[in-house]
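Note sheet for the following structure.
Just so you know, these numbers come straight off a predicted model, no measurement behind them. FYI, the numbering just counts along the sequence from 1.
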Amino acid sequence: MNIVLLGAPGAGKGTQAAKLVEKNGLCHISTGDILRAAVANQTELGQKAKRYMDAGELVPDELIIDLMKERIQQPDTQAGVIFDGFPRTTTQAVALDTMLSSLDRPLDAALLIDVAPEVIVGRLTSRRTCRVCGYIGSVADGPTCPKCGGEMYQRGDDDEATVRNRLDVYQKSTAPLVDYYKGSDKLVAIDGDRDVEVVFADVEKTLGF
């Protein structure tokens, strides 16, 4: 099964993806992971991408698409893929459909983890991270990490102004994708404002696992 994962920052996409990988053996492909690996391995595409990244520019669609073509032909993708962070544009969505069709492995669903913006603002602004072990908790954990006793702090991108800006960017960039997948009857929306296990049970049921 091949799935595109959609959802705003803080909607819980990563948590649901991890559970799908663990329980159903799918391969989780993140755009960020692909870019970092290509750069670290100094592939030709990685070196091209690095030039854009070093300049603080967005990596062009064509280059991202070429990197994805390379990645989905690797053996670990045969059982199915969760695409996370790709596609980001309708151009990338059309390219993904084309490359999957050429492999005779069409896209099964675009899974949208749907959470109201104000709920996400509350989630992310209350999030705290341990400086020592990286544990991610909330303001309710207090000033010290419940796992290692390290200092809990708020990441710079979790302050309210930054969170709201990230949500605005997400809405502008993702709205066309939601419409694209609605038009092809691939969009599956799941209410993400519930307990993690309840959401996952709904995800599995909806996807037919």
Side-chain angles (χ1 to χ4, degrees), residues 1-113 124 127 129-136 155-158 162 166 169-170 173-174 177 180-181 186 200 203 207:
M1 176 169 280
N2 297 300
I3 304 162
V4 164
L5 190 60
L6 301 172
K13 299 190 305 297
T15 300
Q16 296 303 320
K19 293 178 82 63
L20 281 168
V21 168
E22 180 182 2
K23 191 167 177 186
N24 299 290
L26 300 180
C27 174
H28 183 201
I29 295 182
S30 154
T31 307
D33 290 346
I34 287 177
L35 284 169
R36 284 188 289 273
V39 170
N41 294 330
Q42 298 186 339
T43 66
E44 182 182 348
L45 291 174
Q47 289 173 355
K48 288 181 182 177
K50 187 175 187 296
R51 287 199 287 272
Y52 289 99
M53 294 160 71
D54 286 348
E57 299 174 5
L58 288 175
V59 179
D61 280 351
E62 297 79 10
L63 189 47
I64 292 289
I65 290 164
D66 285 345
L67 284 164
M68 192 61 67
K69 281 180 183 173
E70 229 177 37
R71 179 67 182 90
I72 65 170
Q73 293 183 59
Q74 294 174 15
D76 63 338
T77 66
Q78 294 297 320
V81 176
I82 302 169
F83 295 96
D84 184 358
F86 179 88
R88 287 190 184 276
T89 65
T90 50
T91 299
Q92 291 181 10
V94 171
L96 177 62
D97 283 345
T98 301
M99 67 177 83
L100 287 174
S101 292
S102 71
L103 295 170
D104 198 24
R105 291 157 51 188
L107 188 72
D108 295 285
L111 179 63
L112 173 65
I113 306 297
L124 293 185
R127 186 164 65 180
T129 305
C130 176
R131 291 190 189 277
V132 179
C133 71
Y135 165 79
I136 296 175
R155 284 172 18 185
D157 58 352
D158 282 343
T162 305
R166 288 164 68 196
V169 170
Y170 167 79
S173 64
T174 305
L177 276 180
Y180 175 83
Y181 286 119
K186 294 284 175 67
F200 184 61
V203 166
L207 295 176

Point to revise | Between CG on residue Leu5 and CG on residue Leu20, distance to nearest 0.5 Å | key: 8.0 Å

Check your understanding: Can any side-chain N or O of Thr162 pair as donor or acceptor with the backbone N or O of Asp158 at less than 3.5 Å?
Key -> no

Review point. Just wondering, do Leu35 and Tyr52 contact through their side chains at under 4.5 Å, heavy atoms?
Key: no

Study note, to complete from the structure: Note: Gln42 and Gln47 closest approach over all heavy atoms is O-NE2, 3.4 Å

**Study point:** Minimum heavy-atom distance between Leu6 and Ala110, given as atom pair plus value
**Key:** CD1-CB, 4.4 Å

Review point. Are side-chain heavy atoms of Met99 and Leu96 found at a separation under 4.5 Å?
Key: yes

Point to revise | Minimum heavy-atom distance between Thr77 and Ile72, given as atom pair plus value | key: OG1-O, 2.8 Å

**Study point:** Residue pair Gly7 / Lys13: nearest heavy atoms and the distance that separates them
**Key:** O-NZ, 3.0 Å

Point to revise | Closest contact, heavy atoms only, Leu26 versus Ala79 | key: CD2-O, 3.7 Å

**Study point:** Nearest-0.5 Å distance, CZ of residue Arg71 to SG of residue Cys27
**Key:** 4.5 Å

**Study point:** Enclosure of Glu44 CD (heavy-atom neighbours >12, cutoff 6.0 Å)
**Key:** no

Exercise for review: Keeping the roles fixed (side chain from Asn2, backbone from Val81), state whether a donor-acceptor pair exists under 3.5 Å.
Suggested key: yes

Exercise for review: Mark yes when over 12 heavy atoms from residues, nucleotides or ligands other than Lys186 sit less than 6.0 Å from its NZ; otherwise mark no.
Suggested key: yes

Exercise for review: Could you please spell out the steps behind the side chain to side chain contact (heavy atoms under 4.5 Å, CB included) verdict for Thr43 and Lys48?
Suggested key: CA-CA 9 Å; Thr43 66; Lys48 288 181 182 177; over 6 Å; no

Please table the atom pairs, donor to acceptor, closer than 3.5 Å between any side-chain atom in residues 82-90 and protein atoms at least two apart or in another chain.
unit_1	atom_1	unit_2	atom_2	d
Asp84	OD2	His28	NE2	3.0
Arg88	NE	Gly85	O	3.3
Thr89	OG1	Asp61	OD2	3.3
Thr89	OG1	Gln92	N	3.1

Review point. Just by modelled atom types, is the Lys69 backbone N or O under 3.5 Å from a matching donor or acceptor in the Gln73 side chain?
Key: yes

Check your understanding: Would you find a donor on one side and an acceptor on the other, under 3.5 Å apart, between the side chain of Lys19 and the backbone of Phe200?
Key -> no

Exercise for review: Assess whether side chain to side chain contact (heavy atoms under 4.5 Å, CB included) is satisfied between Ile34 and Ile29, documenting all intermediate values.
Suggested key: CA-CA 7 Å; Ile34 287 177; Ile29 295 182; 3.2 Å; yes

Exercise for review: Check for a donor-acceptor pair, side chain of Arg127 on one end and backbone N or O of Gly10 on the other, with a separation under 3.5 Å.
Suggested key: no

Exercise for review: Measure the shortest side-chain to side-chain distance between Arg166 and Leu124 over non-hydrogen atoms and say whether it is less than 4.5 angstrom.
Suggested key: yes

Check your understanding: Which pair of non-hydrogen atoms, one from Leu177 and one from Ala93, has the smallest distance, and what is that distance?
Key -> CD2-CB, 3.8 Å

Practice item. For residues Leu107 and Tyr181, determine if any side-chain heavy atom of one lies less than 4.5 Å from a side-chain heavy atom of the other. Key: yes

